[in-house]
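When reading the values below, keep in mind they use all heavy atoms of this one structure, side chains included, and skip hydrogens, waters and symmetry mates. To find a chain, count down the sequence lines: A is the first, B the second, and so on, and within it residues start at 1.
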There are 2 protein chains.
Amino acid sequence: MQTFAPVTPEIVERLQTIVGAANVIHRDPELAVYGRDETEDLQYRAEVAVKPRTTAEVQAVMRLSDETGIPVTPRGAGTGLSGGALPVFGGIVLSVERMNDILEIDEANLVARVQPGVINQVLQEAVGEVGLYYPPDPASWGSCQIGGNIAENAGGPHCVKYGLTKDYVLSLEAVLPNGDVFRTGGKLRKDVAGYQLGQLLVGSEGTLAIVTEATLRLIPKPAHKRVLLAAFDSLDTAANAIVAVYKSRITPSTLEIIEKAALEAAEEHLGRPVPYSDAEAQILVEVDGFDEESVDRDLMRVGEVLMEAGALDAMLADTPAKEEELWSVRRCLGEATKKVAAYVECDTAVPPSAVPELLRGVRRVAAEYGIRQISYGHAGDGNIHVNVLTDSPDREERERKLTPAIEAIFAVATSLGGTITGEHGVGCAQSRYLKLCRDPVAMRVMKGIKDAFDPKGLLNPGKVFEAKIPPPVAAV
Amino acid sequence: MQTFAPVTPEIVERLQTIVGAANVIHRDPELAVYGRDETEDLQYRAEVAVKPRTTAEVQAVMRLSDETGIPVTPRGAGTGLSGGALPVFGGIVLSVERMNDILEIDEANLVARVQPGVINQVLQEAVGEVGLYYPPDPASWGSCQIGGNIAENAGGPHCVKYGLTKDYVLSLEAVLPNGDVFRTGGKLRKDVAGYQLGQLLVGSEGTLAIVTEATLRLIPKPAHKRVLLAAFDSLDTAANAIVAVYKSRITPSTLEIIEKAALEAAEEHLGRPVPYSDAEAQILVEVDGFDEESVDRDLMRVGEVLMEAGALDAMLADTPAKEEELWSVRRCLGEATKKVAAYVECDTAVPPSAVPELLRGVRRVAAEYGIRQISYGHAGDGNIHVNVLTDSPDREERERKLTPAIEAIFAVATSLGGTITGEHGVGCAQSRYLKLCRDPVAMRVMKGIKDAFDPKGLLNPGKVFEAKIPPPVAAV
């Protein structure tokens with residue numbers, strides 16, 4: 001196993017000089033927070049956490065790392081689901097939480113310039129106030145930060161129409177592991193001056209450089225949206241209905257599938273009945289646009305397509321309150337599932353037409369391995385979150401029991417031309433599975449890029465690439 | 001200056017064994033074609049050109065290059081404007097023109113899988129037949145190939161609404177300089193398994209790997225579109241009107257500006273009067289969508305915005321023939337300008353709101369340096385093609401005269417937060433200017449990536465990075 005230089009009291013002092021003593025955390029219980037994210041119940045141990053405010057401070061921390069050989073794990077809000085922010089080798093956690101300024105909303109150019117610690121929802125609301133829209137909206141949008149969204153190329157329920165984080169990043173400022181800073185461009189819709197370094201950083205999970213500023217594309221905010229919920233008596237029928245919507249050539253702004261076990265978890269979590277809770281599966285559709293009549297017509301058409309495809313019933317949200325009620329079910333599923341039992345989430349994605357086959361395969365695997373599973377997700381994108389559950393509180397036992405089932409689920413996904421992660425990232429939780437969907441040559445190319453950015457391997461070690469990492473520690 | 005191993009008769013024989021004798025070109029005049037593209041009048045000398053049909057043949061050619069130290073210059077249709085396909089150091093030109101199969105149009109997943117030699121328009125028409133749309137459409141769409149489009153991250157007049165080539169590349173198959181092949185993913189809308197290698201290859205100008213297959217995203221084809229042309233009595237007023245359209249929050253599918261000198265060139269080229277030919281500037285607008293009424297209403301609204309912003313007059317194309325007439329003017333401008341005089345094209349792009357300032361700056365430079373210039377382009381994207389002209393047939397004299405003016409134009413663009421190339425690429429024609437818009441750290445990062453992919457520097461040498469290259473040869 002790789003080892004790194006330790007954080008000594010002298011290092012803590014130097015960090016205090018860089019960011020101010022108040023922004024260096026080196027004692028529990030505060031420090032423990034920086035050793036976990038939302039990935040299962042994994043807890044690691046940061047030696048120290050620092051909260052820089054400026055790019056220059058990030059540079060100084062990275063120069064210290066480069067000089068001393070202490071690893072740095074960058075961190076947003078810690079809402080990640082693949083362990084990208086976990087300090088698996090200890091060292092310094094660099095949290096961008098204080099770099100949370102919206103530097104500019106440029107209405108003339110439809111651009112926002114932000115620091116990485118800006119919360120997704122804060123940005124959405126700020127741009128919404130001037131009639132603009134930043135579409136990527138992961139379930140954690142109320143707390144997750146733009147820097148983390150960029151690191152993981154975050155998605156969300158509106159990506160089916162609007163695309164991913166990568167589609168909104170025009171340019172970045174970033175700090176290399178050696179402390180050098182660079183920019184990838186400006187407020188430009190078109191710029192082919194050299195390689196797309198910004199796009200390379202998107203989704204690189206904080207392993208190549210630390211993003212210190214982002215220039216994001218905005219779009220005019222759709223003036224109208226409407227939501228519809230359809231109930232099905234089988235998951236198969238629902239999954240096939242998704243394909244029928246695709247073929248209708250209407251592009252909903254949301255197209256989600258939820259199976260019964262997830263609805264039950266939602267009811268339990270919300271403490272109230274959810275609509276169509278006895279259905280075997282539901283499809284949630286949102287249509288948006290600038291023209292009210294077109295939105296209504298498209299939604300009606302999607303409703304017809306779903307009914308023709310075998311829906312038992314469908315309801316339109318005819319008030320904002322009803323709309324919020326329907327959305328709240330979908331939004332709570334991550335939290336709700338977490339309450340049911342310890343789980344491991346397989347973030348599968350397949351070509352959208354293969355969703356029915358994926359869901360059948362998942363149920364086959366669950367039956368074969370005797371595990372429970374709860375599936376839901378962004379069916380319109382082919383991205384299904386399969387949560388495999390266990391009642392065992394013991395991590396090792398859980399791992400022994402679930403790992404073969406997880407591998408079988410990933411085998412189903414990749415046999416359908418799919419991936420092991422549609423939007424959560426590889427981090428340390430999925431790195432051993434990456435080779436299931438990337439060939440050895442692609443893996444070598446990625447490693448070559450990593451080495452070019454980070455020759456000493458000090459930035460977010462133990463992530464993306466399979467590595468022997470220490471076991472998690474007990475929670476504080 | 002870097003030197004490379006020569007192509008010997010034995011190498012030619014080995015290439016003939018790989019791709020068949022009919023697909024190895026080693027004599028003029030056929031060979032001369034592979035030594036030029038559409039960049040000014042630059043002509044270089046390939047030692048041999050090969051036309052593989054399969055990925056395996058591309059691999060074999062690259063292994064030969066890797067073994068012998070002979071450089072390889074990949075080539076699409078040779079329609080590039082920055083010299084990306086020019087074999088500046090001789091060696092092998094690898095043309096993908098025979099790799100021209102549309103492998104699959106997957107209507108259920110809205111995806112096309114193509115070989116790199118498929119012509120853009122051929123793909124557009126094939127997907128159009130089943131109601132789908134592939135938006136990137138460079139002016140050369142009738143001849144340019146998807147492989148070249150990917151290499152240059154090609155744009156076109158519809159990018160203002162629909163984005164660039166990068167926004168449609170889901171995944172790629174590519175061959176490394178050493179002959180190894182890899183895939184970056186599948187038919188997936190969402191896939192965050194490791195670095196975005198596909199996005200890194202887009203716009204890398206054939207300097208990192210040779211794309212041998214592309215999986216492209218398609219969208220439903222808009223059912224309706226309408227075109228409007230507006231006339232202005234000054235370029236300033238027209239440029240400000242573009243900003244007003246942006247602020248209206250309507251997103252036209254095309255938003256182009258053309259100045260008078262370009263209209264005159266078009267009239268000369270087409271041999272017929274063009275509409276509003278006495279206007280100092282024109283704006284061409286297209287609005288598209290799925291709802292005829294919305295399209296009409298949005299177009300009318302854009303028309304009102306343009307009139308409020310000072311347009312002298314505006315005309316709607318009310319028949320397909322009229323629409324084609326308006327479009328034909330815009331589409332011929334590259335060819336038309338080329339006929340006026342030898343020229344160098346500055347592919348500037350700035351934040352859209354800075355277009356008026358850019359155009360004023362360009363005219364200031366033209367006056368100061370005593371040069372003629374013709375400007376037009378994708379104003380909605382902030383991407384203006386500034387063609388600086390000279391009557392001198394002598395390349396060196398031309399260069400002496402025009403270079404200071406080009407540098408001054410790029411200085412204007414970059415001072416406005418712009419770039420030296422919005423959609424044409426760097427190639428060898430712009431490599432000396434790249435440092436004007438990319439900082440030294442970004443340049444080092446790019447070079448590190450290049451070295452990781454191509455440690456021997458045999459793939460498309462002399463491109464993107466500033467290098468001493470041989471002078472062009474006389475045309476055959």
(request) Give, for atom CZ of Arg438(A) and atom OH of Tyr195(B), the distance between the pair rounded to the nearest 0.5 Å. (result) 13.0 Å
(request) Using non-hydrogen atoms and a 4.5 Å limit, figure out which bit of Arg444(A) sits close to chain B: side chain, backbone, both or neither. (result) side chain
(request) Using a heavy-atom cutoff of under 4.5 Å, enumerate the residues of residues 105-113 of chain A that contact chain B, numbered in order, or state 'none'. (result) Glu107(A), Ala108(A), Asn109(A), Leu110(A)
(message) Looking at Glu104(A), I want to see if its CD is surrounded by more than 12 non-hydrogen atoms of other residues, nucleotides or ligands under 6.0 Å.
(response) yes
(message) If you count heavy-atom pairs within less than 4.5 Å of chain B, which of Val202(A), Val243(A), Ile420(A) leads?
(response) Val202(A)
(request) Anything in residues 187-194 of chain A with a heavy-atom distance to chain B below 4.5 Å? Please list those residues in order. (result) Lys187(A), Leu188(A), Arg189(A), Lys190(A), Asp191(A), Val192(A), Ala193(A), Gly194(A)
(message) Less than 4.5 Å to any heavy atom of chain A: does that hold for the side chain of His424(B), its backbone, both, or neither?
(response) backbone
(request) Starting at CD1 of Ile250(B), measure out to CZ of Phe290(A) and round the result to the nearest 0.5 Å. (result) 9.5 Å
(request) Pick one of side chain, backbone, both or neither for Lys463(A), based on which atoms fall under 4.5 Å of a heavy atom in chain B. (result) neither
(request) Identify which of Gly425(B), Cys437(B), Gly382(B) forms the greatest number of heavy-atom pairs closer than 4.5 Å to chain A. (result) Gly425(B)
(request) Name the region of Leu132(B), side chain, backbone, both or neither, that has any atom closer than 4.5 Å to a heavy atom of chain A. (result) side chain
(request) Mind running side chain to side chain contact (heavy atoms under 4.5 Å, CB included) on Gln199(B) and Leu200(A) for me, showing each step along the way? (result) CA-CA 7 Å; Gln199(B) 289 295 310; Leu200(A) 178 61; over 6 Å; no
(message) I'd like to know which of Val426(B), Thr251(B), Leu197(B) tops the heavy-atom pair count under 4.5 Å against chain A.
(response) Leu197(B)
(request) Could you look at Lys450(B) and say if it's the side chain, the backbone, both or neither that has a heavy atom under 4.5 Å from chain A? (result) both
(request) Only counting residues at least two apart or in another chain, list the ones meeting side chain to side chain donor-acceptor pair (under 3.5 Å) with Asn240(B). (result) none
(request) Rounded to the nearest 0.5 Å, what's the gap from CG on Asp291(A) to CG on Asp298(B)? Could you check? (result) 8.0 Å
(request) Answer with side chain, backbone, both or neither: which region of Thr184(A) has an atom nearer than 4.5 Å to a non-hydrogen atom of chain B? (result) backbone
(message) Report which part of Ser82(B) has an atom under 4.5 Å of a heavy atom belonging to chain A: side chain, backbone, both, or neither.
(response) neither
(request) Go through the atoms of Arg217(B) and report whether side chain, backbone, both or neither lie under 4.5 Å from a heavy atom of chain A. (result) neither
(message) Suppose a student defines contact as a heavy atom less than 4.5 Å from any heavy atom of chain B. Which residues in residues 162-178 of chain A would they list?
(response) Leu164(A), Lys166(A), Asp167(A), Leu176(A)
(message) Can you tell me which of Ala354(B), Gly422(B), Gly289(B) forms the most heavy-atom pairs within a distance under 4.5 Å of chain A?
(response) Gly422(B)
(message) Please rank Asp451(B), Asp347(B), Val464(B), Asp180(B) by heavy-atom pairs under 4.5 Å with chain A and give me the top one.
(response) Asp180(B)
(request) Could you look at Glu152(A) and say if it's the side chain, the backbone, both or neither that has a heavy atom under 4.5 Å from chain B? (result) backbone
(request) Could you tell me the separation between the CE atom of Met446(A) and the CZ atom of Phe182(B), rounded to the nearest 0.5 Å? (result) 9.0 Å
(message) As an exercise: rank Leu208(A), Ile219(A), Thr207(A), Leu434(A) by heavy-atom pairs under 4.5 Å with chain B and give me the winner.
(response) Leu208(A)
(message) Out of Ala349(A), Gly186(A), Ser353(A), return the one with the most heavy atom pairs under 4.5 angstrom to chain B.
(response) Ser353(A)
(request) Against chain A, label Phe465(B) side chain, backbone, both or neither, depending on which of its atoms sit under 4.5 Å from a heavy atom there. (result) side chain
(request) Output the distance between atom CD (Gln196(B)) and atom CG (Asn153(A)), rounded to the nearest 0.5 Å. (result) 5.0 Å
(request) Would you name the heavy atoms of Gly448(B) and Ala452(A) that are closest together and state the gap between them? (result) O-CB, 3.7 Å
